[in-house]
Participant: 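Handing you a structure now.
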Amino acid sequence: MMLTQRTIASRPCQAAARPLARPVVSRRVAVSCVAAADGAADAAPKRTRKTKVVKEGAIKRAPSAYNLYFKDTFPSLKAKSPGAKAPELTATLSSMWKALPDDKRARFESESGALKAVVAEKRIAAKVEAAKHAKPIQPFAAFVRDNYARVAAKSPGLKAPEVVKAISAEWKAKPTAEREAASAEYKVQVAAWKAKNAPAESA
């Protein structure tokens with residue numbers, strides 16, 4: 001394809017990129033194109049490592065036995081090999097852990113088990129506390145929650161949507177007065193929940 005003077009004037013960088021027997025683009029245009037390309041490369045956004053956001057008040061996982069062994073052994077191993085990098089030390093520690101006798105592992109496993117039990121208790125307490133402030137669920141949703149395991153065990157071949165469909169049929173078969181009473185009780189619970197969790201009025 002022939003390059004016209006109009007093409008060169010409107011798209012000088014494209015013209016400079018095409019090999020031609022006779023140069024038609026000035027040296028000044030070529031230099032400006034290279035500079036523009038370098039500037040675009042420098043302006044390209046660099047990828048940043050995503051940081052994990054920890055929710056306020058979140059309960060941290062208990063360390064494993066290997067985590068405790070790593071924390072206990074890493075400083076001394078690093079002191080013995082000051083020139084070694086972290087990946088090398090980690091690989092060495094992993095091999096040492098695998099070769100560690102059971103009687104020496106027992107201390108770390110026992111400590112990890114105790115910490116895991118503490119974390120489990122904290123999570124249970126957190127769930128109980130959260131349930132106190134949770135908004136009441138609608139009558140049908142509560143009916144599904146209370147009967148899902150029974151219906152699923154009765155018909156193990158059913159998939160989740162089919163189990164919910166069967167429970168829905170049971171709910172619709174209940175007397176209208178019973179369903180209306182459940183709905184009225186739900187409204188009372190929601191009103192009480194709103195009154196309890198409403199923000200205090202500013203003085």
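This structure is a prediction, so every number in the text was calculated from the model and none was measured.
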Participant: For S168 and F140, which heavy atoms make the closest approach, and how far apart are they?
Facilitator: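 Residues S168 and F140, closest heavy atoms: CA-CE1, 3.7 Å.
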
Participant: Taking the side chain from S76 and the backbone from T73, do they hold a donor-acceptor pair closer than 3.5 Å?
Facilitator: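 It does hold such a pair.
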
Participant: Could you tell me which non-hydrogen atom of A153 sits nearest to which non-hydrogen atom of P156, and how far apart they are?
Facilitator: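 Closest approach of A153 to P156, heavy atoms only: O-CD, 3.7 Å.
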
Participant: With rounding to the nearest 0.5 Å, note down the distance linking OG in S95 to CG in L100.
Facilitator: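 The OG atom of S95 sits 12.0 Å away from the CG atom of L100.
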
Participant: Please verify the inter-ring angle class for F108 with Y69; under 30° counts as parallel, over 60° as perpendicular, anything in between as tilted.
Facilitator: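 F108 vs Y69 ring planes: perpendicular.
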
Participant: Between atom NZ of K165 and atom CG of L158, what is the distance when rounded to the nearest 0.5 Å?
Facilitator: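 Taking NZ in K165 and CG in L158, the distance rounds to 10.5 Å.
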
Participant: To the closest 0.5 Å, what do you measure between OH (Y66) and OG (S94)?
Facilitator: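 These two atoms lie 4.5 Å from each other.
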
Participant: Going by ring-ring contact (aromatic ring centres under 6.0 Å, His included), name the residues that satisfy it together with Y148, two or more places apart in sequence or in a different chain.
Facilitator: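 Here no residue qualifies.
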
Participant: For the hydrophobic clusters of this structure (ILVMFWY residues joined by side-chain heavy atoms under 4.5 Å, transitively), does one cluster hold both M96 and F70?
Facilitator: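 Yes.
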
Participant: Please find the pair of heavy atoms, one from P63 and one from S112, that lie closest to each other, and give the distance.
Facilitator: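 Of all heavy-atom pairs spanning P63 and S112, the closest is O-OG, 2.8 Å.
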
Participant: Is there a donor-acceptor pair under 3.5 Å between the side chain of D72 and the backbone N or O of L68?
Facilitator: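 Checked: no pair found.
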
Participant: Can you name the side chain to side chain donor-acceptor pair (under 3.5 Å) partners of E170, sequence neighbours left out?
Facilitator: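 Expected list: R150.
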
Participant: Hey, could you give me each pair passing salt bridge (Lys or Arg N to Asp or Glu O under 4.0 Å) that has a residue in residues 129-147? Not counting sequence neighbours.
Facilitator: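 Sorted pair list: E129-K132.
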
Participant: As an exercise, state the distance from NZ of K172 to CZ of R179, rounded to the nearest 0.5 Å.
Facilitator: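 The NZ atom of K172 sits 9.0 Å away from the CZ atom of R179.
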
Participant: Working to the nearest 0.5 Å, report the span between CG of L93 and CZ of F74.
Facilitator: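 Nearest 0.5 Å value for the CG-CZ distance: 7.0 Å.
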
Participant: Using the side-chain contact (heavy atoms from CB on, under 4.5 Å) criterion, which residues pair with K159? Sequence neighbours excluded.
Facilitator: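 Per chain and number, K159 pairs via side-chain contact (heavy atoms from CB on, under 4.5 Å) with P161, E162.
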
Participant: Taking only residues two or more places apart in sequence or in another chain, which ones pass side chain to side chain donor-acceptor pair (under 3.5 Å) with E185?
Facilitator: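 By the side chain to side chain donor-acceptor pair (under 3.5 Å) rule, E185 matches Q189.
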
Participant: Are any side-chain N or O atoms of T92 and backbone N or O atoms of E88, one a donor and one an acceptor, separated by less than 3.5 Å?
Facilitator: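 Side chain of T92 to backbone of E88: a pair is present.
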
Participant: Of all heavy-atom pairs between H133 and N197, which one has the smallest distance, and what is that distance?
Facilitator: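 Heavy atoms only, the tightest pair is ND1-OD1, 3.6 Å.
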
Participant: Do the side chains of V119 and L115 join up, straight or via other hydrophobic residues, at under 4.5 Å, putting them in one cluster?
Facilitator: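 Different clusters: V119 never reaches L115 through Ile, Leu, Val, Met, Phe, Trp or Tyr contacts under 4.5 Å.
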
Participant: For W171 and I167, run side chain to side chain contact (heavy atoms under 4.5 Å, CB included): C-alpha distance rounded to whole Å, both residues' side-chain angles, the deciding distance at 0.1 Å, then the answer.
Facilitator: CA-CA 6 Å; W171 172 257; I167 297 173; 5.6 Å; no

Participant: Can you sort out the partners of N67 under side chain to side chain donor-acceptor pair (under 3.5 Å), two or more places apart, ordered by chain and number?
Facilitator: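 Scan of N67 (side chain to side chain donor-acceptor pair (under 3.5 Å), adjacent residues dropped) gives S64.
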
Participant: Taking all non-hydrogen atoms of both residues into account, name the closest pair between P139 and A182 and its distance.
Facilitator: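 Closest heavy-atom pair between P139 and A182: CG-O, 3.6 Å.
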
